[in-house]
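Remarks on the structure that follows.
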Amino acid sequence: MITIKENSLDTDTYLGLRASVKWKLLGREQADTALKNSLFTVCVYDNDKPVGMGRIVGDGVVIDYIQDLVVTPDMQGRGIGRIVIDRLIKYVRETKLPDTEIMLCLMCAKGREEFYKKFDFIARPTENLGPGMIQYIR
C-alpha cells in the first residue's frame, strides 16, 4: 500500500534514499541541516518502506527549487516520481503570494529531461534562456 507523508522526512530516510540511487554521500550534519532548511518535503512509502522523496527549497515568493527528487531503482516506472512532483508543484502553487508569479526550477540528471517536460518544465538553453550553471565550493 502506497502512503505519502509531508514534512516528516527524517535524516536517516533522506540519506538512505540518496544512497539507493548512488548520489554523493553527505555528512549527517549536512543532511540534517538541509532538511531543516527545506520549505517542504514529501516522502512516499510502499508498505512502510520509503521508496521516493523530494523537497522544495527557496524563498517561497520569487523562486523555489525542486531538490532531491529520488525514486528507488526497484520502484522506478511505477508512478512514484509523478506522485512526488505533483505534491511539490501543488505546494508551490498553494503557498505563492496571491496574484504573483513564482519561478519553480530544478536541475535534473542527464537523460531525465523528458520526465520533467511532462510537468511543463522547459529544458535550457532556449532562444531566450541561457544554460543552467553550477559551481561546487569546497
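Scope of the values below: all heavy atoms of this structure, side chains included, with no hydrogens, waters or symmetry mates.
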Practice problem: Using the ring pair (Phe, Tyr, Trp, His ring centres under 6.0 Å) rule, collect all pairs that involve residues 56-87, keeping only residues at least two apart or in two chains. | Solution: none

Quiz prompt | Tyr14-Val21 co-clustered via ILVMFWY side chain contacts under 4.5 Å | solution = yes

Quiz item: Taking the side chain from Thr100 and the backbone from Leu97, do they hold a donor-acceptor pair closer than 3.5 Å?
Solution: yes

Exercise. Mark yes or no for whether Thr13, through its side chain, and Leu9, through its backbone, hold a donor-acceptor pair below 3.5 Å.
Key: no

Quiz item: Pairs in or reaching into residues 127-138: which pass salt bridge (charged side-chain N to carboxylate O under 4.0 Å, His left out), with residues at least two apart or in two chains?
Solution: none

Quiz item: Among the clusters formed by ILVMFWY side chains lying less than 4.5 Å apart, do Ile80 and Ile85 turn up in the same one?
Solution: yes

Quiz item: Are there more than 12 heavy atoms of other residues, nucleotides or ligands under 6.0 Å from atom CZ of Arg112?
Solution: no

Exercise. Starting at CG of Asp86, measure out to CD1 of Ile4 and round the result to the nearest 0.5 Å.
Key: 9.5 Å

Practice problem: Answer with yes or no whether the hydrophobic clustering places Ile2 together with Val42; edges join I, L, V, M, F, W, Y residues whose side-chain heavy atoms lie under 4.5 Å apart. | Solution: yes

Exercise. For residues 3-13, pull every pair meeting salt bridge (charged side-chain N to carboxylate O under 4.0 Å, His left out), keeping only residues two or more places apart or in separate chains.
Key: Glu6-Arg87, Asp12-Arg28

Quiz prompt | Residues that Thr11 engages under side chain to side chain donor-acceptor pair (under 3.5 Å), provided they are two or more places apart | solution = Asp32

Practice problem: Report yes or no: do Ile66 and Met53 belong to one cluster of Ile/Leu/Val/Met/Phe/Trp/Tyr joined by side chain heavy-atom distances under 4.5 Å? | Solution: no

Quiz item: Who else is in Leu25's hydrophobic cluster (ILVMFWY, side-chain heavy atoms under 4.5 Å, direct or via others)?
Solution: none

Exercise. Treat each ILVMFWY residue as a node, draw an edge where side-chain heavy atoms are under 4.5 Å apart, and state whether Leu17 and Leu69 are in one component.
Key: no

Quiz item: Measuring from Leu39:CG to Ile56:CD1, what's the distance to the nearest 0.5 Å?
Solution: 7.5 Å

Quiz item: salt bridge (charged side-chain N to carboxylate O under 4.0 Å, His left out): which pairs involve residues 54-67, sequence neighbours left out?
Solution: Arg55-Asp68

Exercise. For Met1, enumerate each residue passing the side-chain contact (heavy atoms from CB on, under 4.5 Å) test, keeping only those at least two apart in sequence or located in another chain.
Key: Thr3, Asn47

Self-check item: Residue pairs passing the side chain to side chain donor-acceptor pair (under 3.5 Å) test where at least one lies in residues 69-80, sequence neighbours excluded
Solution: Lys49-Asp74, Thr72-Asp74

Self-check item: Ser38 side chain to Thr41 backbone, donor-acceptor under 3.5 Å
Solution: no

Exercise. With sequence neighbours left out, write down each residue that passes side chain to side chain donor-acceptor pair (under 3.5 Å) with Glu114, or none if nothing qualifies.
Key: Lys117

Self-check item: Lys90 side-chain N/O to Glu94 backbone N/O, donor-acceptor pair under 3.5 Å
Solution: no

Practice problem: Scan for ring pair (Phe, Tyr, Trp, His ring centres under 6.0 Å) pairs involving residues 16-63, sequence neighbours excluded, and state none if there are none. | Solution: Phe40-Tyr91

Quiz item: Taking only residues at least two apart or on different chains, which pairs with a member in residues 115-138 satisfy ring pair (Phe, Tyr, Trp, His ring centres under 6.0 Å)?
Solution: Phe115-Phe119

Practice problem: To the nearest 0.5 angstrom, please state how far the CZ atom of Arg124 sits from the CE atom of Met133. | Solution: 10.5 Å

Quiz prompt | Test side chain to side chain donor-acceptor pair (under 3.5 Å) applied to Asn7 - qualifying residues, sequence neighbours left out | solution = none

